[in-house]
**Q** 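One structure, pasted below without further comment.
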Amino acid sequence: MHELHLMAQVVKAVETGLERAPGAKPTVVRLKVSALSHLLADPSTLHAAFALAARGTVAQGAALEIITASGEAWCPHCEIRATGAGQDV
């Protein structure tokens, strides 16, 4: 379950970002994910992994907001270009 490892890194980034603000606690963590990412197939998995990774940290209790960013991919083998539009999940 690499989603848990990914969310642990997100929590670590939040903690690092708050080092200069002792006692600060986030209420929401916003995460941009490419519209082409497999992570958007089931956003509830990211939410559950974030809740587990945040347990016992300053991010515990914060909401995870997933923002879908536009993405583009190109296959050199079949020379097909794929795009995905961004939207909130």
**Q** When rounded to the nearest 0.5 angstrom, what distance separates NE2 in H2 from CE in M7?
**A**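 H2 atom NE2 to M7 atom CE measures 9.0 Å (nearest 0.5 Å).
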
**Q** Just to verify, what does H77 make a ring pair (Phe, Tyr, Trp, His ring centres under 6.0 Å) with, not counting sequence neighbours?
**A**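 Partners of H77 by the ring pair (Phe, Tyr, Trp, His ring centres under 6.0 Å) criterion come out as none, since no residue qualifies.
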
**Q** Strictly by side-chain hydrogen bond (donor to acceptor under 3.5 Å, both in side chains), give each pair with a member in residues 17-26 just once, sequence neighbours left out.
**A**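 Every candidate side-chain hydrogen bond (donor to acceptor under 3.5 Å, both in side chains) pair involving residues 17-26 fails, so no pair, neighbours aside, qualifies.
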
**Q** Determine whether T68 and V33 satisfy the following criterion, side-chain contact (heavy atoms from CB on, under 4.5 Å), listing intermediate values before the conclusion.
**A** CA-CA 5 Å; T68 308; V33 179; 5.9 Å; no

**Q** Would you list the pairs meeting salt bridge (charged side-chain N to carboxylate O under 4.0 Å, His left out) in which at least one residue belongs to residues 31-53, sequence neighbours left out?
**A**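 As it turns out, there is no salt bridge (charged side-chain N to carboxylate O under 4.0 Å, His left out) pair with a partner in residues 31-53 once direct neighbours are skipped.
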
**Q** Please determine whether side-chain contact (heavy atoms from CB on, under 4.5 Å) holds for the pair E65 and V29, giving the CA-CA distance in whole Å, both sets of side-chain angles, and the decisive distance to 0.1 Å.
**A** CA-CA 6 Å; E65 181 182 327; V29 173; over 6 Å; no

**Q** Looking at A59 and P26, what are the two nearest heavy atoms and their distance?
**A**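 Distance-wise, the nearest heavy atoms are CA-CG, 4.1 Å.
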
**Q** State, with a plain yes or no, whether a side-chain heavy atom of H47 is found less than 4.5 Å away from one of I66.
**A**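 Heavy-atom side-chain distance check passes, below 4.5 Å.
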
**Q** What pair of heavy atoms forms the shortest contact from S34 to G71, and how long is it?
**A**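 Between these two residues, the closest heavy atoms are OG-CA, 3.9 Å.
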
**Q** Any side-chain heavy atom of W74 within less than 4.5 Å of one from E79?
**A**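 Counting from C-beta outward, W74 and E79 do come under 4.5 Å.
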
**Q** Enter the distance from L39:CG to T45:OG1 here, rounded to the nearest 0.5 Å.
**A**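 Answer for the CG-OG1 pair, L39 versus T45, is 9.0 Å.
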
**Q** Just verifying a value: how many Å separate I67 CD1 and L31 CG, rounded to the nearest 0.5 Å?
**A**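 The distance works out to 8.0 Å.
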
**Q** Which ring pair (Phe, Tyr, Trp, His ring centres under 6.0 Å) pairs, counting each pair once, include a residue from residues 13-33, with sequence neighbours left out?
**A**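 Of all non-adjacent pairs touching residues 13-33, none passes ring pair (Phe, Tyr, Trp, His ring centres under 6.0 Å).
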
**Q** Apply side chain to side chain contact (heavy atoms under 4.5 Å, CB included) to A24 and list each qualifying residue two or more places apart in sequence or on a separate chain.
**A**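 Per chain and number, A24 pairs via side chain to side chain contact (heavy atoms under 4.5 Å, CB included) with L18, A21.
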
**Q** State which residues pass salt bridge (charged side-chain N to carboxylate O under 4.0 Å, His left out) with R55; sequence neighbours excluded, sorted by chain then number.
**A**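 Salt bridge (charged side-chain N to carboxylate O under 4.0 Å, His left out) list for R55, sorted by chain: empty.
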
**Q** Identify, with sequence neighbours excluded, every residue that meets salt bridge (charged side-chain N to carboxylate O under 4.0 Å, His left out) alongside E72.
**A**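 With neighbours one apart ignored, the set is R81.
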
